[in-house]
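These numbers were taken from a predicted model, which means no experiment stands behind them. Values below: all heavy atoms of this structure, side chains included; hydrogens, waters and symmetry mates excluded.
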Amino acid sequence: MTRMLVTGGAGFIGSNFVHHTVTRRPEFEVCVLDALTYAGHRDNLKAVAGDIRFVEGDICDAALVDRLVAEADVVVHLAAESHVDNSLRDPEPFVRSNITGTYVLLEAVRRHERRLHHISTDEVFGDLPLDTDEKFTEASPYNPSSPYSATKASSDLLVRAWVRSFGVAATLSNCANNYGPYQHAEKFIPRQVTNVLTGRPPKLYGTGRNVREWTHVEDHNEAVHLILEKGGIGETYLIGSGCEVSNKAIVEMILELMGKPVDRYEKVLDRPGHDLRYANDSTKLRTRLGWEPRHRGFRSGLAATIDWYRENTWWWGPRKDGIEKAYDARGG
Ligand code: NAD
Ligand code: DAU
């Protein structure tokens with residue numbers, strides 16, 4: 001058995017990664033380290049609770065991290081503050097968890113000579129112009145726009161430096177927007193779906209022309225396993241489905257799939273510094289490691305995600321009013 005430590009395993013991508021690992025990769029013995037911030041929930045791991053070890057704790061707690069890293073063979077690092085809008089309200093937890101937390105983890109990985117995979121975002125590269133075919137590549141310069149992406153960029157640079165200077169055996173991946181079950185209702189797709197389910201209109205920032213590349217969380221997590229198995233140490237891999245959709249088109253698709261008139265949404269205050277477009281060239285991951293996304297139809301993936309939220313109101317329902325109150329304070 002390979003002992004795997006998953007930081008942030010009670011969040012959206014992390015809990016899906018743990019489900020994926022337990023059901024499809026039985027050679028791993030999983031331990032989750034998660035601080036259970038507002039974004040992490042034990043409920044996300046209910047179905048696999050008997051198959052994993054769960055430790056509630058902070059990645060900035062050096063003694064705890066040292067002990068857990070010593071007990072692992074491989075570390076998959078997802079723990080982070082992840083929401084751009086929150087980083088615009090209060091950047092401090094982002095600096096702490098995303099930068100200091102990654103530093104603490106890197107030092108433990110260095111001391112115990114463990115394999116690390118660092119999960120990151122394409123937001124570290126800034127944004128791309130609308131209406132072009134340009135894509136980010138592994139060689140794109142770092143140019144983050146928000147406090148969130150600046151702290152993720154810092155964490156990537158720390159990992160790269162620890163590889164080069166200390167020989168840490170790490171890989172990195174950068175992906176654009178994931179979607180699927182267990183995504184917090186503060187994020188775009190779950191917010192709009194749960195708005196419709198609670199009788200609220202979907203809320204579109206600015207013109208809604210901004211484009212995101214949507215990758216199903218299962219495809220993202222399969223890529224991470226491939227990188228762990230076959231990735232080159234010190235290498236970065238961009239993960240991207242190639243499925244680019246504007247925010248306006250998604251809101252209209254959600255309304256249509258949920259049987260509502262497609263113009264029943266509200267335009268609200270734009271996000272300051274709002275990145276225009278994300279798109280990743282994932283040729284390296286596809287050609288060198290053989291990754292292919294299985295969820296090719298965004299519309300069917302979105303329909304399945306809507307069904308998941310419809311069937312799991314117990315999961316998001318109790319948090320919905322609080323999330324919307326926070327959005328009211330930002331202007332919708
Ligand atoms: P999330 O907010 O749903 O989950 C983050 C998890 O980390 C939560 O369980 C939280 O409790 C935990 N956490 C936060 N700070 C912690 C700390 N100091 N110590 C221990 N645990 C802590 O985020 P997500 O959307 O699942 O993102 C996971 C990772 O993937 C992040 O690193 C994010 O930057 C990256 N990422 C996300 C996306 C996306 O579309 N969601 C895309 C690319 C990369
Ligand atoms: O690209 C990867 C990134 O994708 C990850 O690193 C982040 O962790 C993840 O949150 C996501 O960042 P975005 O800022 O792209 O995601 P968000 O869900 O917040 O917003 C998606 C788009 O929808 C963005 O253009 C803003 C817009 N939006 C968002 C909300 C919450 C709206 O129009 N209305 C909304 O209510």
Side-chain angles (χ1 to χ4, degrees), residues 1-15 17-18 21-22 25 27-42 44-45 48-82 91-121 148 151-173 221 224-225 227-229 231-236:
M1 294 286 267
T2 305
R3 299 165 304 169
M4 175 187 275
L5 177 65
V6 181
T7 72
F12 161 48
I13 301 183
S15 61
F17 182 78
V18 172
T21 305
V22 166
R25 311 267 176 164
E27 66 274 24
F28 289 103
E29 193 178 278
V30 176
C31 173
V32 169
L33 170 62
D34 197 295
L36 299 182
T37 67
Y38 81 95
H41 301 286
R42 285 298 290 269
N44 299 12
L45 295 168
V48 291
D51 303 299
I52 63 164
R53 176 177 169 212
F54 182 85
V55 178
E56 181 175 344
D58 195 318
I59 50 165
C60 298
D61 178 342
L64 174 65
V65 167
D66 186 77
R67 182 161 57 78
L68 294 177
V69 168
E71 291 167 3
D73 301 304
V74 46
V75 180
V76 180
H77 178 37
L78 297 112
E81 287 293 335
S82 67
E92 196 277 338
F94 290 75
V95 172
R96 184 181 175 281
S97 292
N98 302 1
I99 304 178
T100 307
T102 301
Y103 161 72
V104 167
L105 190 68
L106 278 167
E107 283 294 81
V109 164
R110 168 156 85 111
R111 263 191 305 275
H112 298 289
E113 298 183 357
R114 298 303 194 246
R115 170 83 167 86
L116 171 71
H117 181 69
H118 174 66
I119 309 275
S120 194
T121 167
Y148 162 69
T151 60
K152 290 299 291 188
S154 308
S155 70
D156 289 15
L157 297 180
L158 289 174
V159 175
R160 288 175 177 213
W162 262 240
V163 169
R164 173 144 179 179
S165 296
F166 304 125
V168 162
T171 41
L172 301 91
S173 56
N221 289 338
V224 173
H225 269 293
I227 297 167
L228 280 172
E229 258 174 47
I233 297 303
E235 297 285 324
T236 291

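Not a single salt bridge (charged side-chain N to carboxylate O under 4.0 Å, His left out) links Arg114 to another residue, sequence neighbours left out. For Val55, the side-chain contact (heavy atoms from CB on, under 4.5 Å) partners are Cys31, Leu33, Arg53, Leu64, Leu68, not counting sequence neighbours.
Checked by atom type and distance alone, the side chain of Thr7 pairs as donor or acceptor with a backbone atom of Ala79 at under 3.5 Å. With Asp34 contributing its side chain and Ala10 its backbone, the two residues share a donor-acceptor pair below 3.5 Å. Checking side-chain atoms of Asp66 against main-chain N and O of Ala108 turns up no donor-acceptor pair under 3.5 Å. Under a 3.5 Å cut-off, the side chain of Asn98 and the backbone N or O of Glu81 do form a donor-acceptor pair.
Among residue pairs with one or both ends in residues 163-172, none qualify as salt bridge (Lys or Arg N to Asp or Glu O under 4.0 Å); sequence neighbours excluded.
Closest heavy-atom contact between Glu71 and Arg3: O-NH1, 3.0 Å. Closest of all the heavy-atom pairs between Ile99 and Leu158 is O-CD1, 3.8 Å. Residues Leu36 and Phe54 approach most closely at CD2-CZ, 3.7 Å, considering heavy atoms. Residue Glu56 comes nearest to Ala35 through the heavy atom pair OE2-O, 4.1 Å, listed as atom of the first residue, atom of the second, then distance. Between Leu45 and Ile52 the shortest heavy-atom distance is CD1-CD1, 4.0 Å. Closest approach of Cys60 and Ser97 over heavy atoms only: SG-CA, 4.4 Å.
Remark: Tyr38 OH is packed, more than 12 non-hydrogen atoms of other residues, nucleotides or ligands lying under 6.0 Å away. Applying the 6.0 Å contact sphere to CD of Glu113 captures no more than 12 heavy atoms from other residues, nucleotides or ligands.
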Item to complete: Could you go through the side-chain contact (heavy atoms from CB on, under 4.5 Å) check for Trp162 and Thr102 one step at a time?
Response: CA-CA 11 Å; Trp162 262 240; Thr102 301; over 6 Å; no
Discussion item. One pair to check against side-chain contact (heavy atoms from CB on, under 4.5 Å): Thr151 and Arg96. What are the steps and the verdict?
Written reply: CA-CA 9 Å; Thr151 60; Arg96 184 181 175 281; over 6 Å; no
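The only option from Val109, Thr2, Leu116 that meets the side-chain contact (heavy atoms from CB on, under 4.5 Å) definition with Val74 turns out to be Thr2.
With values rounded to the nearest 0.5 angstrom, Phe166 atom CZ is found 11.5 Å from Arg111 atom CZ. For the atom pair CZ (Arg110) and CG (Leu105), the distance works out to 13.0 Å, reported to the nearest 0.5 Å. Distance check, rounded to the nearest 0.5 Å: CG of Asp73 to CZ of Phe28 gives 9.0 Å. Remark: Ile119 CD1 to Lys152 NZ distance equals 8.0 Å, nearest 0.5 Å. Note that CZ of Arg160 is 10.5 Å distant from OG of Ser155, once rounded to the nearest 0.5 Å.
Taking 4.5 Å as the limit, some side-chain heavy atom of Leu5 sits within range of a side-chain heavy atom of Val69.
Taking the ring centroids of His117 and Phe17, they lie at or beyond the 6.0 Å cut-off.
Using a 3.5 Å distance cut-off with no hydrogens or angles, the side chains of Thr171 and Arg115 do pair a donor with an acceptor.
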